[in-house]
Amino acid sequence: MAAPWVEIRRVADFENREVTIKGWLFNKRSSGKIHFLQLRDGTGFIQGVMVKQAVPEEVFELAKTLWLEASLEVTGVVRADERAPSGFELTVTGLRPIQNPSEEYPIGKKDHGIDFLMDHRHLWLRSRGQHAVMRVRDQVIWSARSFLRDRGFLLVDSPILTGAVGEGASGLFDLDYFDTGKAFLAQTGQLYAEAAAAAYGKVYCFGPTFRAEKSKTRRHLTEFWMIEPEVAFYDHHDNMKLQEDLVSAIVRDVLENCVPQLTILERDLEPLRKVVAPFYHISYDEAVDKLRSLGSDIQHGEDFGNDDETLLTQQYDKPLFVECYPKKVKAFYMKEHPDRSDLVLCDDLLAPEGYGEIIGGSQREDDLDRLLTRIREQGLPEESYSWYLDLRRYGSFVHSGFGMGVERVVAWICGLQHIREAIPWPRTIYRIHP
RNA sequence: UCCUCGAUAGCUCAAUGGCAGAGCGGGUGGCUGUUAACCACUAGGUUCCAGGUUCGAGUCCUGGUCGAGGAGCCA
């Protein structure tokens with residue numbers, strides 16, 4: 001007798017049958033003798049139509065008392081209807097409230113300010129746009145993982161609590177670690193991934209990373225997720241090819257599976273359809289010349305500013321590799337350029353449409369003496385890197401890797417104005433709640 | 001850390017130094033196809049805090065708190 005519980009995403013398989021939907025009421029309209037109940041169950045959205053004559057009087061009256069975001073079991077018959085955005089609606093036959101709120105839902109139908117929305121992030125996640133972003137984020141992560149798995153990569157996760165420093169001494173969160181002194185939240189898993197690459201060849205780590213920099217921009221979080229592949233016997237060029245293949249695979253998968261979500265987000269699909277290998281390449285030196293010809297006052301030897309990066313990416317319709325930056329603006333572990341001792345074999349991959357850096361990668365310095373020299377030049381604590389230096393003592397090897405910022409990729413693909421919407425619980429300099 | 005802007009009804013925002021307003025949300029009533037439904041009526045205010053100028057301050061000045069946008073740094 002009981003109608004089967006069906007997920008909204010599956011209702012097409014139940015046309016003209018009575019089903020039960022378990023979910024929440026995200027909007028309600030009424031025309032006197034018809035209630036329109038907008039339902040959400042996490043798998044989709046559907047409209048329930050309750051006609052006064054078709055249900056018992058008390059059920060029709062009960063529907064009037066529902067507040068937004070009431071949790072419900074709704075029974076009804078699935079009908080194809082071209083007036084419904086999803087193609088289907090539910091002709092309601094029964095209604096059982098699970099919990100009906102006793103006060104108004106804070107998030108209304110009209111616009112809210114970002115401060116209010118961030119304070120209500122736990123409720124904001126219920127909204128349609130945030131559903132879309134989280135689905136795309138999920139797709140991006142699954143695409144990356146399956147891409148790497150298909151290519152024989154081994155997932156070797158790195159620690160979050162570390163004793164050694166990562167890329168530099170600034171921007172580290174520290175905490176007391178028993179009697180041994182300070183521990184630090186990892187800024188990167190890369191050094192551990194290098195050790196894993198020496199053990200297993202093709203590896204990656206994927207996890208949250210932490211930067212205590214007081215950055216206050218639309219592209220920074222203090223906690224963000226990074227996918228970091230590291231490959232033994234890959235050089236600088238192999239490394240860029242891998243990045244190009246990974247990013248194009250992710251975009252291809254999103255376009256295959258997430259067009260409804262991108263449509264909700266009003267994302268223009270044309271720029272994404274152009275994201276097909278090969279991407280563009282430009283050297284750091286060429287990039288500086290180009291920027292100067294476009295009016296930037298950047299000097300050779302400086303790192304790019306935010307405006308520079310935006311200006312540069314606006315010149316291209318696909319992702320752009322910028323290669324071989326000056327050694328002095330990059331991390332100690334990057335391999336010195338064989339012909340130019342002032343440069344390193346590295347690349348930044350810049351997303352188009354002004355989004356900028358989504359990947360930073362490099363060939364790693366595999367020579368023990370050069371690596372030691374750079375650690376000392378940068379004033380880093382040599383003893384913290386002793387285990388890392390062992391990788392150059394015992395079977396050193398050409399190897400390369402990169403870090404891809406998940407939230408930056410999601411923000412770019414979704415066309416978001418700010419990276420904070422690309423992660424469920426953003427952590428920024430002035431916000432750690434909820 | 002620096003620069004800029006902002007804070008008024010539950011929310012989003014108006015208001016020449018001169019009566020505190022609208023839309024949404026809430027309440028009451030109406031409507032058999034609504035899509036941020038619509039229509040009528042209605043309730044709702046310590047204008048962020050502390051001082052100051054003025055006959056009179058939401059508005060001007062000083063200090064503070066909180067937030068946003070941007071810079072630097074980076075993924």
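Reminder, nothing fancy here: chain letters follow the sequence lines and each chain counts from 1. As the structure is a prediction and not an experimental result, all values here were calculated from the model.
A:Ile34 has its CD1 atom 9 Å from the P atom of B:U34, to the nearest Å. The CG atom of A:Asp307 sits 16 Å away from the P atom of B:G69 (whole-angstrom rounding). In this entry the distance linking CD of A:Glu302 with C1' of B:C74 reads 16 Å, nearest Å. Across the protein-nucleic acid pair, A:Arg128 atom CZ and B:A36 atom P stand 9 Å apart, rounded to whole Å. Between the P atom of B:C31 and the NE2 atom of A:His35 lies a distance of 12 Å, rounded to the nearest Å. For the pair A:Glu82 CD and B:U34 P, the computed distance is 13 Å after rounding to whole Å. Look at CD1 on A:Ile358: it is 14 Å from C1' on B:C74, rounded to the nearest Å. In this structure, A:Arg29 places its CZ atom 18 Å from C1' of B:G30, rounding to the nearest Å.
Side-chain proximity of A:Asn306 to B:G72, B:C31, B:G26: nearest is B:G72. Among B:G33, B:C74, B:A68, the nucleotide with an atom closest to any side-chain atom of A:Ile114 is B:A68. Distances were taken from every side-chain heavy atom of A:Arg431 (C-beta onward) to each of B:U34, B:A68, B:C31; the shortest belongs to B:A68.
The base of B:G25 is not paired with the side chain of A:Glu103 by any donor and acceptor separated by under 3.5 Å. Donor-acceptor pairing under 3.5 Å, judged by distance alone, is present between the side chain of A:Lys216 and the base of B:G69. For a distance-only test at 3.5 Å, the side chain of A:Arg408 qualifies as a donor-acceptor partner of the base of B:C74. For a distance-only test at 3.5 Å, the side chain of A:His112 fails to qualify as a donor-acceptor partner of the base of B:C11.
Annotation: A:Tyr325 is in aromatic contact with A:Phe304 [ring centroid separation under 6.0 Å]. Taking the six-membered ring wherever Trp is involved, the centroid distance between the rings of A:Tyr105 and A:Trp67 does not fall below 6.0 Å.
Between A:Arg431 and A:Asp119 a salt bridge is recorded (basic side-chain N to carboxylate O distance below 4.0 Å).
With a cut-off of 3.5 Å on both Watson-Crick or G-U wobble distances, the partner of B:U4 is given as B:A68. B:U32 is unpaired under the Watson-Crick or G-U wobble criterion, no partner having all donor-acceptor distances under 3.5 Å.
With contacts defined as side-chain heavy-atom distances shorter than 4.5 Å, the pair A:Arg40/A:His131 qualifies.
Here A:Asp348 lies out of heavy-atom contact (under 4.0 Å) with every strand.
A:Trp142 does not carry A:Arg145 over the face of its six-membered ring by the limits of under 6.0 Å from the centre and within 45° of the normal.
Residue A:Asn257 forms a side-chain hydrogen bond (donor to acceptor under 3.5 Å, both in side chains) with just one option from A:Arg252, A:Arg135, A:Gln139, and that option is A:Gln139.
Annotation: B:C13 and B:C73 have their P atoms spaced 32 Å apart (nearest Å). Only the P atoms considered, B:C49 is 15 Å distant from B:G45, to the nearest whole Å. Nucleotides B:U59 and B:G6 are separated by 14 Å at their C1' atoms, to the nearest Å.
Remark: ring of A:Phe36 does not overlap the six-membered base ring of B:G33 in a stacked fashion, as centroids less than 5.5 Å apart with planes less than 30° apart are not both met.
The phosphate of B:A71 (OP1 or OP2) has no side-chain N or O of A:Arg218 nearer than 4.0 angstrom.
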